[in-house]
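A short worksheet on the structure shown next.
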Amino acid sequence: MPQGVRCPACGTPFSGEYALPAVCTRCGVRFYFDEFGSLVPHVAECSLNESDATARVREWAATVKGGKEFSRHFELARMELRYYPLFVFSRAQNGSPVRIVASAVPDCEPGITSVNVIPPSLKEAVDWSNFTLPKISPASYGKIMNVDPSSRALVFYPFWCTQYVYRGKLSKVTIDACNGYVSGDLNVEIEKRNPLPAAAASLVAITLEGALAYFNWLFALTAITVTGAFFIYASREWGVKE
């Protein structure tokens, strides 16, 4: 625990146990502290509810490679709202201040490391029950991003998190609860079905059409029509889905 930690709200010295979030004994504010001192974290407000997030995932499922097949057969688990920590650093660039966003956890769900814009609507962190606490020191970004680590602010960013099972494979999906962006395993491998049944059916159909044409052209025309309809169906059921 860093020396001389004080409540960022009222300045009261903190002497409690090493636990996060820390709670000020005087004003009751919950705050975060690291080697650079203490600060009051903020929360990006969630703008998507669970049903909205589920709808976004199903829209996403229909757009991936083989989306029709995928969206019909994948099993979606229950959604869970989680808040992941992001450091927001201040840096001067061309004489103007800019904000640099970086994840405060090393391993996280898909999409969380891609957040680069914090929405302006923020509120003070109160309920920490579904928050993931920072696991990376802001000092680790000092040289990498050319920022002053002590300039960090801490924002908890909301994501709807879920998993899906497709052909026995378990994958993770996250939905940005502020803008609805879906991140997950986009390289869905649609099973390639055996084309031999279609090839065998083709040979039989061509042989039959030739025989019918020998006896009556009307029979042959009917057979060709039926064969065409069959191949439209077969291309969906036996062909390789793209």
For [X] and [Y], indicate whether the former's side chain and the latter's backbone hold a donor-acceptor pair under 3.5 Å.
X: S47; Y: C178; result: yes
X: T174; Y: F159; result: no
X: Y157; Y: A177; result: no
X: W60; Y: Y181; result: no

Item to complete: Could you pull out the closest heavy-atom pair between L133 and V105, with the gap in Å?
Response: O-CG1, 3.6 Å
Worksheet, complete the sentence: Nearest heavy-atom contact between V182 and V57 is CG2-N, 4.3 Å
Fill in: From CA spacing to verdict: ring pair (Phe, Tyr, Trp, His ring centres under 6.0 Å), Y83, F131
CA-CA 5 Å; Y83 288 83; F131 285 19; 4.9 Å; yes
Worksheet entry | Short N-O contact, E80 and R82, less than 4.0 angstrom | yes
Atom [atom1] in [X], atom [atom2] in [Y]: separation rounded to 0.5 Å?
X: I175; Y: L81; atom1: CD1; atom2: CG; value: 10.0 Å
X: S38; Y: F33; atom1: OG; atom2: CZ; value: 9.0 Å
X: I144; Y: N146; atom1: CD1; atom2: CG; value: 11.5 Å
X: T54; Y: E59; atom1: OG1; atom2: CD; value: 11.0 Å

Would you tabulate the side-chain donor-acceptor contacts of residues 85-102 under 3.5 Å, counting partners in other chains and residues two or more places apart, or write 'none'?
| from | atom 1 | to | atom 2 | distance (Å) |
| --- | --- | --- | --- | --- |
| R91 | NH1 | M145 | O | 2.4 |
| R99 | NH2 | I118 | O | 3.3 |

Side-chain contact, heavy-atom cut-off 4.5 Å: [X] with [Y]?
X: L39; Y: L154; value: yes
X: W128; Y: P41; value: yes
X: C7; Y: F14; value: no
X: Y32; Y: P8; value: no
X: L122; Y: V43; value: no

Quick one: which residue pairs count as a salt bridge (Lys or Arg N to Asp or Glu O under 4.0 Å) with a foot in [range], not counting sequence neighbours?
range: residues 36-54; result: none
range: residues 136-153; result: D34-R152
range: residues 117-139; result: none
range: residues 19-30; result: none

Item to complete: Please list, chain by chain and in numerical order, all residues satisfying side-chain hydrogen bond (donor to acceptor under 3.5 Å, both in side chains) with S137, sequence neighbours excluded.
Response: E35
Worksheet item: Should N179 and D176 be marked as a side-chain contact (heavy atoms from CB on, under 4.5 Å) after you check the CA-CA gap, both sets of side-chain angles, and the distance that decides it?
Response: CA-CA 6 Å; N179 60 35; D176 188 313; 3.1 Å; yes
Discussion item. Check for me, please, whether F156 and V126 land in the same ILVMFWY cluster - side-chain distances under 4.5 Å, paths through other members count.
Written reply: no
Practice prompt. Run the numbers on C10 and C24 for side-chain contact (heavy atoms from CB on, under 4.5 Å), then give the verdict.
Written response: CA-CA 9 Å; C10 68; C24 178; 3.6 Å; yes
Practice prompt. For the pair T162 and K172, evaluate side-chain contact (heavy atoms from CB on, under 4.5 Å) and give the outcome as yes or no after the intermediate values.
Written response: CA-CA 6 Å; T162 186; K172 297 179 179 180; over 6 Å; no
